Amino acid sequence: MDIPKTYDPREAEQRHYARWEEQNCFAPEINRDANAPVFSIVIPPPNVTGSLHMGHALQHTLMDVLARHKRMCGYRTLWLPGMDHAGISTQLVVSRELKKEKLSRHDLGREKFIERVWQWKHESGGQITKQMRREGASVDWSRERFTMDEGLSRAVREAFVRLYDEGMIYRGDRIVNWCPNDQTVLSDLEVEKVPVERGGKLYYLRYPLKTTDGGSRHLTVATTRPETMLGDTAVAVNPADARYLDLIGATLLLPIVNREIPIIADEYVDAEFGTGAVKITPAHDPNDYEMGVRHNLPQVVVIDQFARMTEAAGADFFGLDRYKARELVLAKFEELGLLEKVVDYEFSISKCERCKTVIEPLISTQWFCRMDELRRPALELMASERRPRFTPETPYEKVYTDWLENLRDWTLSRQLWWGHQIPAWHTSDGRVIVARSEAEARAKAGTDELTQDPDVLDTWFSSALWPFSTLGWPDETEDLKTFYPTSVLVTARDIIFLWVSRMVMDGLKFMDGSPFADVFVTGTVLDKHGQRMSKTKGNGVDPLDVFDKYGVDATRLTLASIGSTDTRWNDTQVESYRNFANKIWNAARFSLMNSEGATIGSGFEGEPASWALHDRWILSRLNRAAQSVDSALAAYDFYAAVQTLYHFFWDDFCDWHIELTKRDVTSDEATPERAAARSRLVTVLEQALRLLHPFMPYITEELWQRLPGVDERLLHTAYAGAQPTVMLTAYPQARIDLIDERAEWEMQMVIDLIKRVRNIRSELSLKPSEEINIIVGTTDERLQSLFGAESLGQIKRLTRAASVAVRPSLEGAPRASARAVLGAGVEVAVPLEGLIDFAQERERLNREREKLQKEAAKLEAQLSNPQFAERAPAEKVNETREQLADIAGRIQALSEMQEALV
RNA sequence: GGUCGAGUAGCUCAGCAAGGCCAGAGCGUCUGUCUUACAAACAGAGGGUCAAAGGUUCGAAUCCUUUCUCGACCACCA
């Protein structure tokens, strides 16, 4: 048996994924149990332009842990992968490529350009799917989907037509967020508010009153965008503002353009802000637009789609960039003596989330979706059933609900070429026909003279259908019936609105049920300074580098521990899990080096009571761990699950169980006892590998395959007939009957004794080679036989003691002994003639005693408080009394030990 | 402006929803070990007035209030 001393992750990572994939282990069809429960997850489809970052790695790890766990529990498990066509991003990527050839998309024309995008997709898109294989993600590649697939495109058209027919989608002129750089409209969610850089200014402009008597009164308005005054069609004041009561209804003469505009009254105006008078530009400001609608004000468009001034802005301004126009307007006001003042003012402006260009609000004809009827069922579902159930519940449940409550109409159209073209056709006589296909449109229109609407849909329109469009909707496929609704959605928090809420609304609309029961929101991986990792900052850590350096399994454990917490990334964490992987490797190495004659699943015959203490103990610990992991995963507490597994494997199994069992399994004689001990060891190891598998798929598979005699009989019954693999074994379910409190207590006493003696060895600087003798004083008969017989050999071996004498007390132990207290009534002495410095030893015991005395003082204070006995539960009071008694006993013992040293 | 979260050992984080088991883990630190699975290890040790101040309670890291410091999200005050 030649197993290297160090685990090499790369080898295992290369070996197993391809085999799992070839043998169809990831497909739900691998499950042969007709009555198997179903578990399904759809992946949040990454952008086809994207490459793997830590956020993906985090999500994927959590989803994979859940999927592998459920699969091992016998669920018919589907984790469906796929990608999003990512309209703007992808169009930009390909446009950039074209630019290298000195071409623009317009040179190619729409059709050729789209062909080019598909070509790009096939050649360079979807990097991320290759990277997901490295992660070990157990997704069913046979069901991989892309939002621009024909099937999903059909779903998009179907959904659009249905919503249109029900009057929820409409086309109209409204003020929208326009990106002058990308030349498209954007939804509110694609716009970000950023504090204006280099300090904002608020400009106070005077507008002269039109008077018949030639007077020179004026009204001052405050604005952050002076250039828009060219499009002003009114000035508004609050109807309750006493200062302006007499001016309501009067007329102003708009400077520079000399247009007559009215002074109107509107509740919207805040009298406290600025001068209490607001210039109204209905064509270039969302609020002014609303007010314009209320007051029937004309809309004068002075800025065009390139953010340049239009002809309507006047000859002096025509063609000027908006910011140049601002300077010119200010100069002219200055010249006219109408610029009252300029003050510093901090405010935020809207920018295109993608290209950071300042948004220009423009009136334009777009497609919109009314959200009222869509959101109502979602809000009702949350109110009545609290679905979907968010983890963590705070703040996400509230964030989600608040957003739905304040939702406004969704701008659906985009002026792009890459995406789902809107299924609407225009007739030459100006009618608009919405249909599932051009043929259907022709039939509806009664003419063949149709032009399809050039716009495409917001990428998120197709994403919103993802949980059912990927399963075949609108057809009633088997997959749809089986896997919808999905079990849980795992996602980052930044797309709760963009994606999660819209999936819920569309799921309720088209499938009559929420697309998932639970939503798990992952934390954010931050850099060491607590900053978000981002491409522009260049502070990201590449998961692939981490995989290379520490292995996939170690990285997965780190990510699983992160769960829903925002965490600063640090390599040392991964390093410690790499060490853990190596620990597993070596524990297996030891087991395998001593596995001749061993059979997995045997060695535990007969009644548990007949087994050795350490065997009862490890099974108790194993089942306890299984229980903890199970409840942790049910609560999506990945951190707790990892901690449990880590400490079970390292502390219980490696540090104690392997050590306790070492002599039996390494014995030179091939006795039946040795074979049984070896069988028990590999049996426990095999169970441990199963427990670890969802978190550490590679190392567990690598080692499992090396275990003696692994074959298809070890598989979960649902996977009968599959090739042997740990990923299709049954996940260990806690057997309550094997959780043995008594055995755990007894084992703990043995462990404590060994630790006490080791502590003495260390404090007195005894060489490891130096043999000692141990005297234990206790009147407890069980402990007497435990220390004196049952565990005697183990205690001797693990403390390197020549003898262990068990007596009712330490009385008569040599004066020159190091002593310690295990608990009330259990004491230990190690005779060390010539090695004990009595003063030092007394001091050591004194330190111990002082610690205990502090504790005792606390408890005494508590007990002497009459209120405590009165108000605290009796159980608590008793517990405290017992504690104090125990401590008092130990203090007493320590005092006597000190006296014995005098 | 609104809403919410976080501040616990040198570092990264648990614990807090249902208050009581001397406040936990990993890494780092100190001491000693190549004890035939593992030095990426083993054995042992030290380290925190749980951001600050009040309050509720027999009892608070955990509940309440205020303050300070970070952070996130939402927002139509020009």
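Just so you know, these numbers use all the heavy atoms, side chains as well, and skip hydrogens, waters and symmetry mates. Values in this document were obtained by computation on a predicted structure and should not be read as measured data. First the proteins, then the strands, lettered A, B, ... as listed; each starts at 1.
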Peer 1: If you only use heavy atoms from C-beta on, which nucleotide in B:C27, B:C76, B:A72 is closest to the side chain of A:T572?
Peer 2: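 Selected nucleotide: B:C27.
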Peer 1: Taking the same atom, P, in B:U49 and in B:A6, what whole-Å distance lies between them?
Peer 2: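 22 Å, rounded to whole Å.
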Peer 1: Closest heavy-atom contact between A:E267 and A:N238?
Peer 2: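 Here A:E267 and A:N238 meet closest at O-ND2, 3.5 Å.
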Peer 1: Starting at atom CZ of A:R493, determine the distance to atom P of B:C74, rounded to an integer number of angstrom.
Peer 2: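 For the pair A:R493 CZ and B:C74 P, the rounded distance is 11 Å.
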Peer 1: Using the P atom in both, what is the distance from B:A43 to B:A25, to the nearest Å?
Peer 2: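 Roughly 14 Å separates the two P atoms.
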Peer 1: Among residues 548-561 of chain A, which residues get a heavy atom nearer than 4.0 Å to RNA chain B?
Peer 2: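 Those residues: none at all.
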Peer 1: Does the gap between the ring centers of A:Y400 and A:Y396 come in under 6.0 Å?
Peer 2: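 No, too far apart.
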Peer 1: In whole Å, measure the gap between the P atoms of B:C68 and B:A52 for me.
Peer 2: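 The answer is 16 Å between these two P atoms.
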Peer 1: Polar pairs (N or O, both sides) under 3.5 Å between protein and nucleotides 68-70 of chain B?
Peer 2:
none

Peer 1: Roughly, in whole Å, what's the span from CG in A:L404 to C1' in B:C74?
Peer 2: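 The distance from CG of A:L404 to C1' of B:C74 comes to 13 Å, rounded to the nearest Å.
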Peer 1: Between A:R408 and A:D188, does any NZ, NE, NH1 or NH2 come within less than 4.0 Å of an OD or OE carboxylate oxygen?
Peer 2: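 A salt bridge is present here (some side-chain N lies under 4.0 Å from a carboxylate O).
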Peer 1: List in chain and number order the residues that pass salt bridge (charged side-chain N to carboxylate O under 4.0 Å, His left out) with A:D655, two or more places apart in sequence or in another chain; answer none if no residue qualifies.
Peer 2: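 So A:D655 forms no salt bridge (charged side-chain N to carboxylate O under 4.0 Å, His left out) with any residue.
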Peer 1: Expressed in whole Å, how much space separates the C1' atoms belonging to B:C77 and B:C4?
Peer 2: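 Comparing C1' positions in B:C77 and B:C4 gives a spacing of 23 Å.
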Peer 1: Less than 4.0 Å between a side-chain N and a carboxylate O, is that true for A:D409 and A:R174?
Peer 2: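 Yes, this pair counts.
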Peer 1: With sequence neighbours excluded, what pairs up with A:T391 under the side chain to side chain contact (heavy atoms under 4.5 Å, CB included) test?
Peer 2: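 Once residues adjacent in sequence are excluded, the partners of A:T391 under the side chain to side chain contact (heavy atoms under 4.5 Å, CB included) criterion are A:F520, A:Y636.
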Peer 1: Closer than 4.0 angstrom, basic N to acidic O: yes or no for A:E879 and A:K876?
Peer 2: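 Yes, charged N to carboxylate O under 4.0 Å.
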Peer 1: Determine the interplanar angle of the A:F273 and A:Y345 rings, folded into 0 to 90°, and report it as parallel if under 30°, tilted if 30 to 60°, perpendicular if over 60°.
Peer 2: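 Rings of A:F273 and A:Y345: perpendicular, as their planes differ by over 60°.
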Peer 1: Answer yes when A:E850 and A:K854 have at least one side-chain N-carboxylate O distance shorter than 4.0 Å, and no when they do not.
Peer 2: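 The answer is no: the pair does not qualify as a salt bridge.
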Peer 1: Looking at A:D241 and A:R243, is there a salt bridge between them, counting it only when a charged N and a carboxylate O are closer than 4.0 Å?
Peer 2: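 Between A:D241 and A:R243 there is a salt bridge, with a charged N closer than 4.0 Å to a carboxylate O.
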Peer 1: What N/O pairs connect the protein and nucleotides 15-18 of chain B at under 3.5 Å? Give each pair on its own line.
Peer 2:
none

Peer 1: Quick check for you: among B:G24, B:C4, B:G26, whose closest atom lies nearest to any side-chain atom of A:H647?
Peer 2: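 So the side chain of A:H647 is nearest to B:G26.
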Peer 1: For A:E397, check salt bridge (charged side-chain N to carboxylate O under 4.0 Å, His left out) against everything at least two apart and list the hits.
Peer 2: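 Residues passing salt bridge (charged side-chain N to carboxylate O under 4.0 Å, His left out) with A:E397: A:R386.
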Peer 1: Only counting residues at least two apart or in another chain, list the ones meeting side chain to side chain donor-acceptor pair (under 3.5 Å) with A:N287.
Peer 2: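 Result, side chain to side chain donor-acceptor pair (under 3.5 Å) vs A:N287: A:Y268.
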Peer 1: Got a salt bridge between A:R206 and A:E340, using NZ or NE/NH1/NH2 to carboxylate O under 4.0 Å?
Peer 2: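 Yes, A:R206 and A:E340 are salt-bridged.
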Peer 1: What pairs of donor and acceptor atoms, side-chain ones from residues 571-578 of chain A against any protein atom, are under 3.5 angstrom apart with sequence neighbours left out?
Peer 2:
unit_1 : atom_1 : unit_2 : atom_2 : d
A:D571 : OD1    : A:W569 : NE1    : 3.0
A:T572 : OG1    : A:N570 : ND2    : 3.0
A:S576 : OG     : A:Q573 : O      : 2.9
A:Y577 : OH     : A:S561 : OG     : 3.2

Peer 1: Taking salt bridge (charged side-chain N to carboxylate O under 4.0 Å, His left out) as the test, write out the residues that go with A:K201, two or more places apart.
Peer 2: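 Expected list: A:D344.
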Peer 1: Compare the minimum distances between each of B:G20, B:U12, B:C4 and the side chain of A:Q862, then state the nucleotide with the smallest one.
Peer 2: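 The answer is B:G20, which lies nearest to the side chain.
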Peer 1: If we take the C1' atom in both B:U3 and B:G26, what is their distance in whole Å?
Peer 2: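 Each nucleotide's C1' atom is 35 Å from the other's.
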Peer 1: What pairs meet the salt bridge (charged side-chain N to carboxylate O under 4.0 Å, His left out) rule with one or both residues in residues 275-294 of chain A, with sequence neighbours excluded?
Peer 2: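 For residues 275-294 of chain A: A:D232-A:K279, A:D266-A:R294.
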Peer 1: How does protein reach along nucleotides 32-44 of chain B, written 5' to 3' as B (base within reach of a heavy atom under 4.0 Å), S (only sugar-phosphate), or - (no contact)?
Peer 2: ---S-BBSBSSSS
Peer 1: Could you check A:T275 against A:F497 and say which one's nearest nucleotide on RNA chain B is further toward the 5' end?
Peer 2: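 Of the two residues, A:F497 wins.
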Peer 1: Atom NZ of A:K858 and atom P of B:G20: how far apart are they, to the nearest Å?
Peer 2: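 So the NZ-P distance, A:K858 to B:G20, works out to 14 Å.
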Peer 1: Which string of ( ) [ ] | and . matches RNA chain B, if you list each base 5' to 3' and count Watson-Crick or G-U pairs only when both distances are under 3.5 Å?
Peer 2: ((((((((.[[[[.)....(...]]]].(((((.......))))).....[[[[[..)....]]]]])))))))....
